[in-house]
A.B. asks: 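One structure is given below, represented as structure tokens, and several questions about it will come after.
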Amino acid sequence: MGKKQLSIGQWLAVAVVASIIPAFGLWMAYHFYSARQASDATSAPLLVPAPLQNSLALPRTRESGEILLYSFSPELREAYIHDIVVDNERIWIGSGKGLLAYSEGAYAIQYRQFSHAPFEWVRELSLENGLLATDVLVARDSTGGTYAGNYLFDVHSKTWQILGHNVISQTWLNGVLWQRPLDRTLNKFSLINDQWVSEDIPIQSRLCSEAYMRAIDNEIWIAQQGTVHFHFGVGIQGTSSVKAIPCGVLRYKPQTGEEILYEEDDGLNSGFGRDVVGDGDQVWVSHSIKHEKLSLFDPQTGQWQSARPYGSGNRIALSKRAVWLASPSSSSPLIRIDRATQSRRDIKGIPGDYYVSAIAVEGDEVWLGLYKKTYSGKTYSIDSYLAKYIDHDEAR
């Protein structure tokens, strides 16, 4: 018996269900992408391990307004900077051309596992006790990545260890690596008898397809929003659509297993959680496009309040005196927000049409990944810089 085709009305019913149930939307997005990968036979050669450690020329530097721009080789300039973390000796850069270790004025080294692949995206960096958690995709160009796994990189021995499948986000907390896998779960890796052991953590609150995790004051905070894919019509004659879904901010307490899900009714400016940072004094949440105000949580009172309107948020970072907001605005791509007064200052010097892809703060130094996209048809090329801003207010 042949397969029965769904009517247009039935497809519409599926679309409505997908738009209101984040878990179903995540299932559709995940399995659609998994099927696309499985059917792409040309991706197999990219996943053949070919480790590489390569010394690079030091980047050229130039001042641009208030910031200093670092320009690597043309090959690295075309690589998107996904993430940055800083330790006492160097800056670790997760890029579209592998993992880069940069010590200012001393050395720059590239580490890759799949050097046969034209691009190797190293993302979702989290560093603790000399172990750098990474998430890796491989690709033939700046778009269309294929999942390649989740790894630990030992910054002392310069060796890789695979942990498992790719993740959406991850963060260290007291020697335990907490992760949001691609499916609707929360997971942690603990070192037991010299072996990394995975454990699924049961969560009653909803977990959505986009998540941004932080360890804050011995708790796990997850800003999240959903993305669902659904299809109208039959076969290739139909049309596809994507819908964003507000999912709030989840606060998880590992010591007790308590979950608290914050939504707009609880004081969030928006249920679309883009990123979250904080400490024992404040927790800040940025929201996606069209939501102009950050949400600010006071751990002492347990209350949310609305910060002043700074614009929509992408990535955010925290220093002792300031919050750093990467904005999708071409006129104000980096904003400094004073934590005490909420006064705003736009940082000058980011070249025109460049935006901030990554932020890391170490003392009074703010390290940035900058990028510009140039479109050609349905694809695009990347031009990127590493950049640094010295926050003199922080040094006071």
Side-chain angles (χ1 to χ4, degrees), residues 52-112 115 117-123 125 127 132 134 139 141-143 153 155 158 314-315 317 319 324 326-327 330-336 346-376 380-392 394-395:
L52 174 147
Q53 178 176 325
N54 184 33
S55 293
L56 306 173
L58 293 177
R60 293 180 288 108
T61 61
R62 66 178 176 91
E63 292 185 358
S64 177
E66 299 179 90
I67 68 174
L68 187 64
L69 297 176
Y70 297 75
S71 180
F72 285 93
S73 67
E75 178 187 8
L76 293 176
R77 284 284 299 274
E78 68 180 359
Y80 187 88
I81 295 177
H82 294 279
D83 211 349
I84 303 172
V85 296
V86 183
D87 63 20
N88 294 328
E89 301 177 29
R90 76 224 106 186
I91 305 152
W92 294 98
I93 304 167
S95 82
K97 292 286 187 175
L99 178 66
L100 309 180
Y102 175 56
S103 179
E104 196 165 10
Y107 61 79
I109 303 174
Q110 178 188 41
Y111 300 96
R112 295 193 59 182
S115 58
F119 287 79
E120 180 177 340
W121 306 351
V122 178
R123 319 174 307 163
L125 304 184
L127 177 65
L132 183 63
T134 68
D141 51 37
S142 58
T143 61
F153 180 79
V155 304
K158 310 300 189 296
N314 289 329
R315 302 302 298 269
S319 61
W324 302 90
S327 163
S330 59
S331 60
S332 304
L334 179 64
I335 299 169
R336 182 192 189 276
D346 293 2
I347 305 303
K348 305 301 183 183
I350 294 176
D353 297 324
Y354 282 78
Y355 299 89
V356 177
S357 61
I359 313 176
V361 178
E362 181 69 15
D364 61 354
E365 295 182 344
V366 182
W367 289 93
L368 307 166
L370 306 180
Y371 74 96
K372 178 177 72 172
K373 290 182 179 180
T374 301
Y375 283 87
S376 176
Y380 56 82
S381 60
I382 293 288
D383 187 62
S384 69
Y385 288 105
L386 178 69
K388 181 175 71 172
Y389 171 77
I390 303 297
D391 184 21
H392 297 291
E394 192 74 26

A.B. asks: For the CZ atom of Arg336 and the CG atom of Asp346, what is their distance to the nearest 0.5 Å?
C.D. replies: 12.5 Å

A.B. asks: Tell me, do Tyr385 and Arg77 make a side-chain contact under 4.5 Å, heavy atoms counted?
C.D. replies: yes

A.B. asks: Would you call Leu368 and Trp324 a side-chain contact if the rule is heavy atoms closer than 4.5 Å?
C.D. replies: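 No, too far: nothing below the 4.5 Å cut-off.
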
A.B. asks: Hey, can you tell me if Phe153 and Tyr111 have their rings parallel, tilted or perpendicular (30° and 60° cut-offs)?
C.D. replies: tilted

A.B. asks: Donor-acceptor pair, Asp83 side chain versus Leu125 backbone, under 3.5 Å?
C.D. replies: yes

A.B. asks: Enumerate the residue pairs fulfilling salt bridge (Lys or Arg N to Asp or Glu O under 4.0 Å) with a member in residues 88-106, sequence neighbours excluded, ordered by first and then second residue.
C.D. replies: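 Sorted result for residues 88-106: Glu75-Lys97, Glu78-Lys97, Asp87-Arg90, Glu104-Lys388.
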
A.B. asks: Nearest 0.5 Å, please: how far is CD1 in Ile67 from NZ in Lys348?
C.D. replies: 12.0 Å

A.B. asks: Write down the atom of Thr143, the atom of Ala139, and the distance for their closest heavy-atom approach.
C.D. replies: O-CB, 4.0 Å

A.B. asks: Given side chains that start at C-beta, do those of Tyr380 and Ser142 come closer than 4.5 Å, heavy atoms only?
C.D. replies: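 Side chain of Tyr380 against side chain of Ser142, heavy atoms only: contact under 4.5 Å found.
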
A.B. asks: Under 3.5 Å, which donor-acceptor pairs link side chains of residues 349-362 to any protein atom two or more places apart or in another chain?
C.D. replies:
{"unit_1": "Tyr354", "atom_1": "OH", "unit_2": "Asp383", "atom_2": "OD2", "d": "2.3"}
{"unit_1": "Ser357", "atom_1": "OG", "unit_2": "Ile81", "atom_2": "O", "d": "2.6"}
{"unit_1": "Ser357", "atom_1": "OG", "unit_2": "Gly369", "atom_2": "O", "d": "3.2"}

A.B. asks: Working to the nearest 0.5 Å, report the span between NZ of Lys372 and OG of Ser381.
C.D. replies: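 Going from the NZ atom of Lys372 to the OG atom of Ser381 covers 8.5 Å.
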
A.B. asks: Can you spot which of Leu370, Ile84, Leu69 makes a side chain to side chain contact (heavy atoms under 4.5 Å, CB included) with Leu386?
C.D. replies: Ile84

A.B. asks: Rounded to the nearest 0.5 Å, what separates atom OH in Tyr107 from atom OH in Tyr102?
C.D. replies: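 Answer for the OH-OH pair, Tyr107 versus Tyr102, is 11.0 Å.
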
A.B. asks: Rounded at 0.5 Å granularity, tell me how far NE2 in His82 sits from CZ in Arg315.
C.D. replies: 11.0 Å

A.B. asks: Classify the ring geometry between Tyr80 and Tyr371 as parallel (under 30°), tilted (30 to 60°) or perpendicular (over 60°).
C.D. replies: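 Correct class here is tilted.
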
A.B. asks: What residues form a salt bridge (charged side-chain N to carboxylate O under 4.0 Å, His left out) with Asp364, not counting sequence neighbours?
C.D. replies: none

A.B. asks: Show, in sequence, the C-alpha distance, side-chain angles and deciding distance for Val366 and Ile347, and conclude whether the side chain to side chain contact (heavy atoms under 4.5 Å, CB included) test is met.
C.D. replies: CA-CA 11 Å; Val366 182; Ile347 305 303; over 6 Å; no

A.B. asks: Identify the heavy atoms of Ala79 and Ser384 that sit nearest to each other, and give their distance.
C.D. replies: O-OG, 2.9 Å

A.B. asks: Taking Arg112 for the side chain and Asn54 for the main chain, is one N or O donor matched with an acceptor at less than 3.5 Å?
C.D. replies: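 Flag not set: sc Arg112 to bb Asn54 has no pair under 3.5 Å.
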
A.B. asks: Just how far is it from atom NZ of Lys373 to atom CD1 of Ile382, taken to the nearest 0.5 Å?
C.D. replies: 5.5 Å

